[in-house]
Amino acid sequence: MATAKKRTLNEQAEEIIKIAEEAGVQTNFFFLTTFKRYQVQINILSELEKKIKEEGTLVTKEYVKGRGNLYCNPAVSEYNRTTDSANKTVSTLIKIIKGFKGEETDNSVDPLLAIINGGDEDEE
């Protein structure tokens with residue numbers, strides 16, 4: 001198995017745009033709005049990750065007389081919800097691009113899936 005070079009999220013986003021351009025979908029309203037929504041979700045996830053690293057996964061809420069109760073950090077559940085939403089958004093992006101691109105007839109690796117999975121287009 002070949003080792004994939006690690007790409008930043010911005011680099012992966014640029015690759016998705018290139019693939020969209022190759023499929024002729026880069027100006028499609030549904031692609032643009034869905035891709036923008038995906039970028040927002042990725043930014044939200046980055047912020048939530050920072051918050052979880054700063055505060056930890058458990059937080060204490062203090063109530064009457066200074067007694068504290070231990071809870072799961074609310075950022076964890078928001079992170080999980082946003083992740084689910086981002087995954088659904090990616091599925092929608094794939095459907096939009098594939099709908100314009102048409103089904104591939106060969107067994108080569110789909111470049112969009114390769115980029116989303118963090119690999120290179122050339123890997124099989």
Side-chain angles (χ1 to χ4, degrees):
M1 178 183 232
T3 305
K5 85 173 183 181
K6 187 162 177 132
R7 295 176 190 222
T8 66
L9 293 174
N10 286 336
E11 289 172 334
Q12 289 181 25
E14 289 172 15
E15 289 296 322
I16 292 170
I17 292 293
K18 287 179 190 172
I19 292 167
E21 288 172 352
E22 290 171 9
V25 71
Q26 76 278 6
T27 59
N28 177 278
F29 174 79
F30 295 112
F31 172 80
L32 291 172
T33 56
T34 304
F35 188 70
K36 182 175 178 154
R37 186 169 44 253
Y38 179 68
Q39 290 176 308
V40 169
Q41 290 165 331
I42 293 301
N43 288 331
I44 291 169
L45 288 169
S46 293
E47 291 297 316
L48 288 168
E49 283 177 18
K50 288 177 192 173
K51 211 48 152 163
I52 292 168
K53 284 181 184 176
E54 289 172 10
E55 298 175 357
T57 55
L58 298 175
V59 294
T60 302
K61 291 184 181 179
E62 291 192 23
Y63 291 98
V64 181
K65 298 181 185 175
R67 286 184 257 168
N69 291 334
L70 194 60
Y71 292 96
C72 181
N73 187 335
V76 172
S77 60
E78 289 303 317
Y79 183 86
N80 290 335
R81 273 190 250 164
T82 306
T83 300
D84 288 342
S85 182
N87 290 341
K88 291 175 186 173
T89 304
V90 166
S91 294
T92 302
L93 282 170
I94 291 170
K95 288 176 186 174
I96 291 169
I97 292 173
K98 284 190 175 218
F100 274 77
K101 192 175 182 181
E103 292 297 318
E104 296 291 326
T105 55
D106 62 350
N107 291 331
S108 64
V109 174
D110 184 328
L112 178 61
L113 290 176
I115 296 302
I116 290 170
N117 290 328
D120 290 331
E121 292 179 44
D122 302 335
E123 291 181 9
E124 294 208 24

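Here the structure is a predicted model, which means the values were calculated and not measured.
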Taking all heavy atoms of [X] and all of [Y], pick out the closest pair and write down the distance.
X   : Y   : answer
S85 : Q41 : OG-NE2, 2.7 Å
T27 : L32 : O-CD1, 3.7 Å
E21 : Q26 : CA-OE1, 3.1 Å
Y79 : E49 : OH-OE2, 2.9 Å

State the [atom1]-[atom2] distance between [X] and [Y], to the nearest 0.5 angstrom.
X   : Y   : atom1 : atom2 : result
L45 : N80 : CG    : CG    : 9.5 Å
I96 : T34 : CD1   : OG1   : 4.0 Å
Q39 : I16 : CD    : CD1   : 8.5 Å
I19 : I94 : CD1   : CD1   : 10.0 Å
E78 : E47 : CD    : CD    : 14.0 Å
T33 : N28 : OG1   : CG    : 8.0 Å

Inset, instruction - Give the ring-plane orientation class for F35 versus Y38, where under 30° counts as parallel, over 60° as perpendicular and anything between as tilted. - result: tilted
Side-chain donor-acceptor contacts of residues 68-75 below 3.5 Å, not counting sequence neighbours, with atom names and distances?
from, atom 1, to, atom 2, distance (Å)
N73, OD1, A75, N, 2.9
N73, ND2, E55, OE1, 3.2
N73, ND2, G56, O, 2.9

Inset, instruction - Mind running side chain to side chain contact (heavy atoms under 4.5 Å, CB included) on E15 and K18 for me, showing each step along the way? - result: CA-CA 5 Å; E15 289 296 322; K18 287 179 190 172; 3.4 Å; yes
Inset, instruction - Answer with yes or no whether the hydrophobic clustering places I17 together with F29; edges join I, L, V, M, F, W, Y residues whose side-chain heavy atoms lie under 4.5 Å apart. - result: yes
